[in-house]
A.B. asks: 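My questions will all concern the structure given below.
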Amino acid sequence: MSNKSEKQLKDLVEAYQQSSQDNAKNSNFPGHRNVVEKEPRRLREDPVAFMLNLGLYYNGTGWRGYNDYVGTKIYYPEFSARMKKMVLGSENVQKVIEELANRQALRLQETQNAKKVAKMSEKDREKMLKKQQKAFRRELQAVAKGIADKCVAKMDDIRFIRFFAFAINNVLVRLYHQGIHIKESEWVELKRVALLAQERKQSLILLPSHKSHIDYLVVSYLMFRLGFQIPHIVAGDNLDMPVVGSVLKNAGAFYIRREWGGDTLYKTVLEEYTVKLLQEGMNFECFVEGTRSRLGKLLQPKLGIVKIILDAMINNRFDDCHIVPISIGYDKIIETSTYANELLGNPKEKESLWGVITNTRLLQLKWGRVDVRVCKPYSLRGWLEDQLQHRGPMDLTDMSQKSILLKSLGYRVLSDINNINVVMPSALVGTVILTLRGRGVGRSELIRRVDWLTRIIRAKGGQVSEFHEMSTGDIVDRTIQIHKDLIGEHKGKDILEPTFYGINSFELSYYRNQVIHMFVEEAIVCAAMYTVVKFGGGKAMQRMKYDDMLREVSFLSSLLKLDMIYKPGGVESNTKRTVQWLVDNKVIELDSNGYVGLADFERQCGRENYDFLCFLIWPFIESYWLACVSLFSLAPPSVNGSGKPVWVDSKLFEKRSQSLGKTLFYQGDLSYLEAVNKETLASAMTRFEEQGIIIKRRHTSPKSWSEISLHEDYYPQRQNGLLLPSGQLWALVERIGTFRREGKNRRDNATVSTRVLRLADIIGEENLQQTPNQKNLIKKLNQDRAKL
């Protein structure tokens, strides 16, 4: 390590020790810090302080100058031009341009007049070919330059980033008036690793959770504020809008397409840019979920950019980098109402981060605080070596074996994010309100259950947002005030105590889903037991053999695997550990004969903890039940259930499934409107495709689309033209239905099946109508047959 880095490391440790001593004297929670605590919020509140702060940014005073950060130098003139030159001049990009130019020139010759070409001498043909290759090379060079112009971040002007930091500082401190909170020891460890990485010209790969557009701003602002090299941010090209696109690009964003299919040149330029950044030791930020989570919980990993990074390291194109999972928690998410509309099938609103930044109405609101947690960084090469040692020899040139490693890395990052995730008060209050039976909850009961939930999360090793000397009652009142659009209060002289209820349960479920990862295994075990508990009766009637319960848990865990992130280990070992936890917490009991049932303590307290766990998982079970029921609309129309398969455009089928779900909800056959959300329905369809229940055909013309059909083994039978509740598909519907929340409207199974199948048949009639995409496909197939 160089003398400069050693001194920086020494200064870092001394500064942290001094800060820790000061915090210990002045705070009940040493080590936690609000990084914007002293920042002025509004010009009119304190004009002098505001203008003084502006002057400090303008003059580049202290940390605001951004001159002494850890990492490779950025923000100097011609930085982006240098990166473009390196990318476009790389051997791989030039090789692809050459190959494409040669291929296109040969293809052009094949389409030219054969007689004319035949009359030409060999020398003339070769001369013409070279001329065409040169023309195509020139065109492809221009195309590559256009791709690079779109991709490469313009981090050229240090004055811009100071102004940007000042603007974002003002947005964040006004929007989240209680600050941006960090755990200082985590950032000290990150800076220690960054100093070592700087010496070796290695990158930090920042992988935050993705809940909001604000995530981009929070991470970049903290990196600026705490003295790190600002990362290059992978962003979808949907954010490359007028004005805001250019601003974000100057702040480190580079835009990529959602899909690039067979565009070899685009893929090569993007890969080379990524590799050059890694070779130069540039920090990198991308969202492992691929998109913002509209459900509140982490999404399954999408690993396009991470795959490029892993491939490049396996091919020794750079030495190493450091993986840094980050969790970002908000008291309130700006986009939740938009998310709810999208999930219900309404058209997606135009992306507008600029709208968030400049929306004066939003900036007048006070939305609480942000909590950011950073996982201990780890070496990607070290992780790879550990995997190879654990799994044994692997052929890293084999795509299937490499994909196993990639998937393992993705789930490791998601697990790390869940482990450091801070549960915010909004999640605590929202979860309690949505997991209690009845129309509302009194303030005292709400406080008691929030206290219980806080204790149980901490006992399981989770983190809950720290609020210093605030009482639970104050925290609950503060949260209800922040979410007064989602949580209502019954008022009146004849109301004995404040009583709260969910105004918009669908939107409030976003916050409940933020804690589900803490209890997913316990919730599945409780749902498995519900298959006997729901029938009531005495204690002996509400129990089941452990092996029977394990079978139900295995089925449900497998069914929900695309929506839930489980702890490492197989279902048997996880279930054993989970059952022991439930026994220790007096929710269930396991007797000497191998029976599992509700514990006496749980019965005495009105089943409140058992119900809490069931309420967490029931909306997801309902979604999968709805998805399975909707498959009856794919039944062939013939009386005996045989005949040609019915193919339906996937997007159209999704909308019709949601229509079925909304109808069933309003008629009382579905307990949760959130079960209609298109994200979980899409996961269910993907799972059914994996299980061979449905078949999907994918098409690329006129644009990317797909259609689905029911596998013939699952065709339902008909009698007198009416669908019958029988066969493999109905057996699956009933199997999933055994875990569902019991309701008055669903106890008569025969009546339910009649109602549900009648509605499915109505959709089935609509599914027989061909869409424009299907008509074009048939037309194209007929034209191809005619040519043959």
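Because the structure is a prediction, the values reported are computed rather than measured. Quick note: residue numbers are just sequence positions, from 1.
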A.B. asks: Could you pull out all residues at least two apart from Arg697 that satisfy salt bridge (Lys or Arg N to Asp or Glu O under 4.0 Å)?
C.D. replies: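 Only Glu707 meet the salt bridge (Lys or Arg N to Asp or Glu O under 4.0 Å) criterion with Arg697.
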
A.B. asks: Out of Asn250, Asp156, Asp149, which residue meets the side chain to side chain donor-acceptor pair (under 3.5 Å) rule with Ser80?
C.D. replies: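 With Ser80 as partner, side chain to side chain donor-acceptor pair (under 3.5 Å) holds for just one option, Asp156.
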
A.B. asks: Answer with yes or no whether the side chains of Gln279 and Gln202 bring together a donor and an acceptor at under 3.5 Å.
C.D. replies: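 Gln202 vs Gln279: no donor-acceptor pair found between side chains.
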
A.B. asks: Establish, from distance only, whether the side-chain atoms of Ser415 and Asn418 form a donor-acceptor pair under 3.5 Å.
C.D. replies: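 Short answer, no.
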
A.B. asks: How close do Val324 and Pro377 get, counting heavy atoms only, and between which atoms?
C.D. replies: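 For Val324 versus Pro377, the nearest heavy atoms are CG2-CB, 4.0 Å.
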
A.B. asks: Taking C-beta and beyond as the side chain, do Gln104 and Leu140 meet within less than 4.5 Å on heavy atoms?
C.D. replies: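 The answer is yes, as the side chains (C-beta and beyond) meet within the 4.5 Å cut-off.
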
A.B. asks: For this output row, return yes or no: ring centroids of Tyr566 and Tyr411 closer than 6.0 angstrom.
C.D. replies: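 No, the ring of Tyr566 stays outside the 6.0 Å limit from the ring of Tyr411, centre to centre.
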
A.B. asks: Using the test salt bridge (Lys or Arg N to Asp or Glu O under 4.0 Å), find all partners of Lys95 that sit at least two apart in sequence or belong to another chain.
C.D. replies: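 If we apply the salt bridge (Lys or Arg N to Asp or Glu O under 4.0 Å) test to Lys95, skipping adjacent residues, there are no hits.
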
A.B. asks: If you apply the rule side chain to side chain contact (heavy atoms under 4.5 Å, CB included), what do you find for Ile305 with Ile256, and how did you get there?
C.D. replies: CA-CA 10 Å; Ile305 291 291; Ile256 64 170; 4.0 Å; yes

A.B. asks: Below 4.5 Å, heavy atoms only, C-beta onward: do Gln300 and Leu414 meet side chain to side chain?
C.D. replies: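 Not in contact.
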
A.B. asks: Using 0.5 Å steps for rounding, measure from the OH atom of Tyr176 to the CD1 atom of Ile214.
C.D. replies: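 Reported value, rounded in 0.5 Å steps: 6.0 Å.
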
A.B. asks: Is there side-chain contact between Trp383 and Leu409, with at least one heavy-atom pair below 4.5 Å?
C.D. replies: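 Result yes, sub-4.5 Å side-chain heavy-atom pair found.
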
A.B. asks: Between Asn92 and Ser90, does any side-chain donor sit less than 3.5 Å from a side-chain acceptor?
C.D. replies: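 Checked: Asn92/Ser90 side chains show no N/O donor-acceptor pair below 3.5 Å.
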
A.B. asks: Side chains of Thr72 and Glu280: any donor to acceptor distance under 3.5 Å?
C.D. replies: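 Not at all, the side chains of Glu280 and Thr72 share no donor-acceptor pair under 3.5 Å.
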
A.B. asks: Determine, stepwise, if the pair Ser400 / Asp398 fulfils side-chain hydrogen bond (donor to acceptor under 3.5 Å, both in side chains).
C.D. replies: CA-CA 6 Å; Ser400 61; Asp398 185 309; 2.4 Å; yes

A.B. asks: Please determine whether side-chain hydrogen bond (donor to acceptor under 3.5 Å, both in side chains) holds for the pair Tyr378 and Asp386, giving the CA-CA distance in whole Å, both sets of side-chain angles, and the decisive distance to 0.1 Å.
C.D. replies: CA-CA 12 Å; Tyr378 51 92; Asp386 288 344; over 6 Å; no

A.B. asks: How long is the straight-line distance from CZ of Phe318 back to CD1 of Ile309, given to the nearest 0.5 Å?
C.D. replies: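 One gets 6.5 Å once the value is rounded to the nearest 0.5 Å.
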
A.B. asks: Does the cation-pi check pass for Arg294 over Tyr510, that is, NZ or CZ under 6.0 Å from the six-membered ring centre and within 45° of its axis?
C.D. replies: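 Checked: cation-pi criterion not met.
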
A.B. asks: Please determine if Asp263 and Lys267 form a salt bridge, counting it only when a charged side-chain N lies under 4.0 Å from a carboxylate O.
C.D. replies: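 Looking at Lys267 together with Asp263, the answer is no, because their closest N to O distance does not fall below 4.0 Å.
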
A.B. asks: Is there a side chain to side chain contact (heavy atoms under 4.5 Å, CB included) between Trp705 and Arg698 once you walk through the steps?
C.D. replies: CA-CA 6 Å; Trp705 67 285; Arg698 293 166 175 83; over 6 Å; no

A.B. asks: With rounding to the nearest 0.5 Å, note down the distance linking OG1 in Thr771 to CG in Asn776.
C.D. replies: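 The OG1 atom of Thr771 sits 8.5 Å away from the CG atom of Asn776.
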
A.B. asks: For residues Val70 and Lys191, determine if any side-chain heavy atom of one lies less than 4.5 Å from a side-chain heavy atom of the other.
C.D. replies: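 SC-SC contact between Val70 and Lys191 confirmed.
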
A.B. asks: Regarding Tyr339 and Asn677, is there a side-chain donor-to-acceptor distance under 3.5 Å anywhere?
C.D. replies: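 Note: Tyr339 and Asn677 side chains miss the donor-acceptor criterion.
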
A.B. asks: Could you tell me if the side chain of Ser203 sits less than 4.5 Å from the side chain of His322, heavy atoms only?
C.D. replies: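 The answer is no; the side chains never approach within 4.5 Å.
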
A.B. asks: So which atom in Gly296 and which in Gln514 form the shortest heavy-atom distance, rounded to 0.1 Å?
C.D. replies: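 Closest approach of Gly296 to Gln514: O-CG, 3.4 Å.
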
A.B. asks: Grab the two heavy atoms, one from Ala194 and one from Leu204, that are nearest each other, plus how far apart they are.
C.D. replies: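 Looking at all heavy atoms of both residues, the closest pair is CB-CD1, 3.9 Å.
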
A.B. asks: Does Arg225 make a cation-pi contact with Trp63, if we ask for NZ or CZ under 6.0 Å from the ring centre and within 45° of the axis?
C.D. replies: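 Flagged: Arg225 positioned over aromatic ring of Trp63.
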
A.B. asks: Can Lys297 and Asp563 be said to form a salt bridge (Lys or Arg N to Asp or Glu O under 4.0 Å), step by step?
C.D. replies: CA-CA 9 Å; Lys297 65 182 185 60; Asp563 268 297; 3.4 Å; yes

A.B. asks: So Leu298 and Ser293, side chain to side chain contact (heavy atoms under 4.5 Å, CB included) or not? Walk me through it.
C.D. replies: CA-CA 6 Å; Leu298 290 180; Ser293 171; over 6 Å; no

A.B. asks: Check Tyr221 against Ile168 and note the closest heavy-atom contact, atom names and distance.
C.D. replies: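 The pair with the smallest heavy-atom distance is CB-CG2, 4.2 Å.
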
A.B. asks: Rounded to the nearest 0.5 Å, what separates atom CG in Asn67 from atom NZ in Lys73?
C.D. replies: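 It comes to 9.0 Å.
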
A.B. asks: Is the backbone N or O of Cys321 less than 3.5 Å from a side-chain atom of Arg381, with the two atoms forming a donor-acceptor pair by type?
C.D. replies: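 Pair absent, no side-chain N/O of Arg381 close to backbone of Cys321.
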
A.B. asks: Which residues pass the salt bridge (Lys or Arg N to Asp or Glu O under 4.0 Å) test with Lys276, sequence neighbours left out?
C.D. replies: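 Applying salt bridge (Lys or Arg N to Asp or Glu O under 4.0 Å) to Lys276 gives none.
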
A.B. asks: What residues form a side chain to side chain donor-acceptor pair (under 3.5 Å) with Lys249, not counting sequence neighbours?
C.D. replies: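 Lys249 satisfies side chain to side chain donor-acceptor pair (under 3.5 Å) with no residue once adjacent residues are dropped.
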
A.B. asks: Would you mind reporting whether Gln229 and Met223 have side-chain heavy atoms less than 4.5 Å apart?
C.D. replies: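 When only atoms from C-beta onward are counted, Gln229 and Met223 do not touch, as no gap falls below 4.5 Å.
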
A.B. asks: Report the distance from atom CD1 of Ile326 to atom CZ of Phe287, rounding to the nearest 0.5 Å.
C.D. replies: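 If we round to the nearest 0.5 Å, Ile326:CD1 and Phe287:CZ are 9.0 Å apart.
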
A.B. asks: Report yes or no: do Asp395 and Thr397 form a side-chain donor-acceptor pair below 3.5 Å?
C.D. replies: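 There is such a pair between these side chains.
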
A.B. asks: Where is the tightest heavy-atom contact between Leu206 and Pro208, given as atom of each residue plus distance?
C.D. replies: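 For Leu206 and Pro208, the tightest heavy-atom pair comes out as O-CD, 3.4 Å.
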
A.B. asks: May I have all residue pairs that pass salt bridge (charged side-chain N to carboxylate O under 4.0 Å, His left out) and include part of residues 304-325, sequence neighbours excluded?
C.D. replies: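 As it turns out, the salt bridge (charged side-chain N to carboxylate O under 4.0 Å, His left out) pairs with a partner in residues 304-325, which skip direct neighbours, are Glu272-Arg317, Lys307-Asp311, Asp311-Lys402.
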
A.B. asks: Do the side chains of Tyr255 and Val234 get nearer than 4.5 Å, heavy atoms only?
C.D. replies: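 Heavy-atom side-chain distance check fails, nothing below 4.5 Å.
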
A.B. asks: Apply side chain to side chain contact (heavy atoms under 4.5 Å, CB included) to Cys375 and Ile417, showing your working.
C.D. replies: CA-CA 7 Å; Cys375 184; Ile417 292 173; over 6 Å; no

A.B. asks: So, applying side chain to side chain contact (heavy atoms under 4.5 Å, CB included) with Leu299, which one of His210, Arg292, Glu289 is it?
C.D. replies: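 Considering His210, Arg292, Glu289, a side chain to side chain contact (heavy atoms under 4.5 Å, CB included) with Leu299 is found only for Glu289.
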
A.B. asks: Is the His232 ring parallel, tilted or perpendicular to the Phe79 ring (thresholds 30°, 60°)?
C.D. replies: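 Tilted: the ring planes of His232 and Phe79 meet at 30° to 60°.
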
A.B. asks: Quick one: does Ile694's side chain get under 4.5 Å of Met685's, heavy atoms only?
C.D. replies: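 Yes; the side chains approach each other to less than 4.5 Å.
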
A.B. asks: Decide salt bridge (Lys or Arg N to Asp or Glu O under 4.0 Å) for Glu189 and Arg192; before the verdict, give the C-alpha distance in whole Å, the side-chain angles of both, and the deciding distance to 0.1 Å.
C.D. replies: CA-CA 5 Å; Glu189 173 62 16; Arg192 185 190 69 80; 2.8 Å; yes

A.B. asks: With a cut-off of 3.5 Å and sequence neighbours excluded, list every side-chain donor-acceptor pair involving residues 157-167.
C.D. replies:
residue: Asp157; atom: OD1; partner: Arg159; partner atom: N; Å: 3.0
residue: Asp157; atom: OD1; partner: Arg159; partner atom: NE; Å: 3.4
residue: Arg162; atom: NE; partner: Gly65; partner atom: O; Å: 3.1
residue: Arg162; atom: NH2; partner: Gly65; partner atom: O; Å: 3.1

A.B. asks: If you take all heavy atoms of Ser209 and Asp215, which pair is closest and at what distance?
C.D. replies: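 Heavy-atom minimum between the residues: O-OD2, 3.5 Å.
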
A.B. asks: Closer than 3.5 angstrom, by distance alone: can the side chain of Ser408 be matched with the main-chain N or O of Ile404 as a donor-acceptor pair?
C.D. replies: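 No.
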
A.B. asks: Find the distance between CD (Glu99) and OG1 (Thr268) and round it off to the nearest 0.5 Å.
C.D. replies: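 It comes to 8.5 Å.
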
